[in-house]
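Heads up, the thing below is written out as structure tokens.
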Amino acid sequence: MLSKEVIERHGFTEEEYQRILKILGREPNMVELGIFSVMWSEHCSYKSSRIHLKKFPTTGKRVLQGPGENAGAIDIGNGLAAVFKMESHNHPSFIEPYQGAATGVGGILRDIFTMGARPVAVLNSLRFGDLKTPHNRHLFSGVVSGIAGYGNCIGIPTVGGEVYFDEIYNKNILVNVFALGIVRKDSIFKGVAKGVGNPVIYVGSKTGRDGIHGATMASDVFDETSEAKRPTVQVGDPFTEKLLLEACLEVMDQGLIVGIQDMGAAGLTSSSCEMAGRGGTGIDLHADRVPMREAGMTPYEVMLSESQERMLIVTERGREAEVIRIFDKWDLDAVVVGEVTDTHRMRVFDKGNRVADIPVTALTDEAPLYQRPALPPPYLDILHDLDIENIPVPADLNKVLLTLLSSPTIASKEWIYRQYDHMVRTDTIVLPGSDAAVIRVKGTDTAIAMSTDCNSRYCFADPRTGAAIAVAEAARNIVCAGGEPAALTDCLNFGNPERPEIMWQFQEAIEGISAVCRRFNIPVISGNVSLYNETNGISIYPTPIIGMAGIIEEASKRMTQYFKAEGDVILLIGENREEIGLSEYLKEIHYTVRGVPPQLDLELEKRVQDLCLSGIREGLIKSAHDTSEGGLAVALAECCMTPGEERSIIIGAEIGLRDEIRADALLFGETQSRIIITVRQEQVEKIKEMGRESGVPVSVIGRVGGDRLLIKQGSEIRINMSVKDIAEAWRNAIPRALED
């Protein structure tokens, strides 16, 4: 009889365990308990979130595959599809930053090529604590090295992303990875086990004891003992993954695949029962046939191991030798470990003895679903209470700008992306550092723009508005690159859902994302939920990361944020408002996190984006950059600096602003729906006319030229600085923080 301690150690409540007894009609053995444990974990079952995710719009004119598979897919024309998804590897990366981040990259890449797509790009979205502490610097350096090490070795470029730093992530960092691949749209494969009698083949690396109960660990809060869980972190091998990728694509090309699934969270257990669940079949597995790299492994360990670089394939009966021959050519294990059945049960055997026998639906469709209590947190009234009149305007606004540009959240991320081989495969045509990364689609005129976005401070104060802003900003970044937003994936990072205030944050964020997606016709085609990001009762800020892809039909019309030539006219699409709540300025200069997020007018936002995209497509716009963290002054400074080592271009600008609002709000407020563009003098009136026709404010604010950034408000000079000094502060902030 299983003890109460064993049951609780596997993460079950008393009610959940009683439910297992009812399903089986008996007490489970240890193998069955382990299988239920991982499949009913929050990480695999989404038991706290699944009912809310149904609110997302998931269909659209380009959607070929929505949520429910390994990744989503959209039609990008020319008979091709883009397959993409985002996943988290938060808990493992905190425990072991290099391997946690590396295996996060490996896992998301397998999700992509499992669908038949060749991965072509990776982005990331990262959150770390204050770099002033040695441990946070260790975590930051380790994660960046892990992403670089895996991506560079497998030969997939990391082309963009975002990084924020805040003390709230001191004990719970976030490592979210987005990957995109290209496939012929008639050659998309799915994770399904069909055809009674068809063989089930294990391929890839051997199974070890690493990662056992990784899914369960990812579904639990942290405390002081968490780093002792290091053995549950998987160890990755990018060179093996490269072989696995090529072998899988080859068996797909040979027409040998009925279904294929990555062994990700919960390993062999999740891949097998999820394939059977989608196929409406059963599956028999023989644990003793699984290739093992450690002696004496039990069926429990084999079924729950999360060793990396492994896949499960269903092929047609009689063709298993062809599959094995291809994997043997690539020097990878390939072993028939089971078969598809009509039993609708998952049965596991060891040396002929049946060690597990569970209905498939009990593991997939019948996992507990919770409508957890949700209540607004009591701190909101205090958090929203910001009297702007009590915030003094600093006398030295030049110093404010330098301080913001030196903030790790705003500062140049070149130290990070120089470690990534972002040019491998030669598809990258907009390098990291601009609003969105852009890759060409070989053999076509098409390019794909990609961005990851979320301001979690906004979400902390107002999760509905904050999440809506994340979608709007991702779309704005795509548009500034010349792309039409097509679809998104998400990674929803929150604290403990058993706390009503966390569940309220989650539900509100879902509403915010859904509202913008519906207004902008941007479907959610895949995603991930990461809960229990909490240590000793302190939760992270709600951080619903949005990863978005957009289509540029003519790659030659891609756009970057950098000023191009002296004499170009600078225009602002949108309008300035007196908003400083929750801004980077308020936190870094006044050491205050108070207020409400900037307003988001969806109708104005849509018109601003449509105007910018039309101007780019008509060849009128020479550069485009949205304003976000740090506001207008920071955005203008970023426009002056083109990244690129010794070839870096810095060019100044003279700006004249006539708005009668506070100087700090004008320069550093984070008002939404604003895009800075440059055009030739002869195109100014055309852009203004387009603005009048679409009801979008368009104003001339300056001219490119010189070697200084000069910003006036009326007759008052607010900023007057050498662009060289600006660039030095911006580029060296993170390297200096790591040296401290």
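Side-chain N/O atoms of Ser407 and Glu584 include a donor and acceptor closer than 3.5 Å. A donor-acceptor pair shorter than 3.5 Å can be found between the side chains of Thr133 and Asn136. Counting only N and O atoms by type, the side chains of Asn176 and Asn90 include a donor and acceptor under 3.5 Å apart.
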Query raised in the report: Are Ile540 and Leu174 close enough, and set up right, to give a side-chain contact (heavy atoms from CB on, under 4.5 Å), and what steps lead you there?
Result: CA-CA 9 Å; Ile540 62 165; Leu174 302 183; 4.0 Å; yes
Query raised in the report: Taking it one step at a time, do Ile510 and Leu492 satisfy side-chain contact (heavy atoms from CB on, under 4.5 Å)?
Result: CA-CA 9 Å; Ile510 294 289; Leu492 307 177; 3.9 Å; yes
Requested in this report: Apply the test side-chain hydrogen bond (donor to acceptor under 3.5 Å, both in side chains) to residues Tyr164 and Thr543: give CA-CA distance (whole Å), side-chain angles for both, the deciding distance (0.1 Å), then the verdict.
Outcome: CA-CA 11 Å; Tyr164 284 71; Thr543 311; over 6 Å; no
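Taking the side chain as every heavy atom from C-beta outward, Met548 and Val471 approach each other to under 4.5 Å. In this structure the side chain of Cys459 reaches within 4.5 angstrom of the side chain of Cys454, judged on heavy atoms. Asn172 places none of its side-chain heavy atoms less than 4.5 Å from the side chain of Asn493. Between Leu139 and Phe94, some side-chain heavy-atom pair lies under the 4.5 Å cut-off. Asn124 has its side chain out of reach of Val175: every pair of non-hydrogen atoms, C-beta onward, lies at least 4.5 Å apart. At least one side-chain heavy atom of Met450 sits less than 4.5 Å from a side-chain heavy atom of Val159. Leu586 is not listed as a side-chain neighbour of Val593, based on a closest heavy-atom distance of 4.5 Å or more. Counting heavy atoms from C-beta on, the side chains of Val38 and Ser270 never come closer than 4.5 Å.
Without hydrogens or angle criteria, Ser307 side chain to Ser305 main chain gives no donor-acceptor distance under 3.5 Å. Although no hydrogens or angles enter the test, the distance criterion places no donor-acceptor pair under 3.5 Å between the side chain of Thr103 and the main chain of Val235.
Scanning for side-chain hydrogen bond (donor to acceptor under 3.5 Å, both in side chains) contacts around Glu274 gives Gln261, with sequence neighbours left out. Checked against ring-ring contact (aromatic ring centres under 6.0 Å, His included), Tyr379 has the following partners two or more places apart in sequence or in another chain: Phe460. Annotation: salt bridge (charged side-chain N to carboxylate O under 4.0 Å, His left out) contacts of Glu605 (sequence neighbours excluded): Arg476. Taking the side-chain hydrogen bond (donor to acceptor under 3.5 Å, both in side chains) definition, one finds that Glu69 meets it with nothing, sequence neighbours left out. Annotation: ring-ring contact (aromatic ring centres under 6.0 Å, His included) contacts of Phe668 (sequence neighbours excluded): Tyr585. Ser271 meets the side-chain hydrogen bond (donor to acceptor under 3.5 Å, both in side chains) test with no other residue; sequence neighbours excluded. Listed by chain and residue number, nothing satisfies the ring-ring contact (aromatic ring centres under 6.0 Å, His included) test with His384 (two or more places apart in sequence, or in another chain). Judged as a ring-ring contact (aromatic ring centres under 6.0 Å, His included), and not counting sequence neighbours, the contacts of Trp40 are Phe36. A search for side-chain hydrogen bond (donor to acceptor under 3.5 Å, both in side chains) contacts involving Ser539 returns nothing, not counting sequence neighbours.
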Show the atom names and distances, to 0.1 Å, of all donor-acceptor pairs under 3.5 Å that link a side chain in residues 140-150 to residues at least two apart or in another chain.
from   : atom 1 : to     : atom 2 : distance (Å)
Ser141 : OG     : Arg137 : O      : 3.0
Ser145 : OG     : Ser141 : O      : 2.9
Tyr150 : OH     : Glu241 : OE1    : 2.9
Tyr150 : OH     : Glu309 : OE2    : 2.6

Scan the side chains in residues 368-377 for donor-acceptor partners under 3.5 Å anywhere in the protein, sequence neighbours excluded, and list what turns up.
from   : atom 1 : to    : atom 2 : distance (Å)
Tyr370 : OH     : Glu16 : OE2    : 2.6
Arg372 : NE     : Ser48 : OG     : 2.6
Arg372 : NH2    : Ser48 : OG     : 3.3

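Shortest non-hydrogen contact noted between Ile522 and Ala475 is CD1-CB, 4.2 Å. Taking every heavy atom of both residues into account, Arg674 and Gly669 meet most closely at NH2-O, 3.0 Å. Considering every non-hydrogen atom in both Val524 and Cys517, the closest pair reads CG2-SG, 4.0 Å. Between Ala71 and Ile112, the shortest heavy-atom contact is CB-CD1, 4.0 Å. Residues Pro544 and Ala509 share a closest heavy-atom pair of CG-CB, 4.3 Å. The shortest heavy-atom contact between Ala487 and Phe84 is O-CZ, 3.7 Å.
The distance from atom CD of Gln672 to atom CG of Leu602, rounded to the nearest 0.5 Å, is 11.0 Å. The OG1 atom of Thr465 sits 7.5 Å away from the CG atom of Leu600 when rounded to the nearest 0.5 Å.
With Pro463 as the fixed residue, the side chain to side chain contact (heavy atoms under 4.5 Å, CB included) test singles out one of Tyr541, Tyr458, Trp504, Phe494: Trp504. Shown are Leu123, Thr452, Leu126; of these, the side chain to side chain contact (heavy atoms under 4.5 Å, CB included) with Glu162 is made only by Thr452.
In this structure, Glu167 pairs ionically with Lys587, as a charged nitrogen and a carboxylate oxygen lie closer than 4.0 Å.
The side-chain hydrogen bond (donor to acceptor under 3.5 Å, both in side chains) analysis of residues 508-520, with sequence neighbours excluded, yields the pairs Lys55-Glu511, Arg464-Glu508, Arg519-Glu603.
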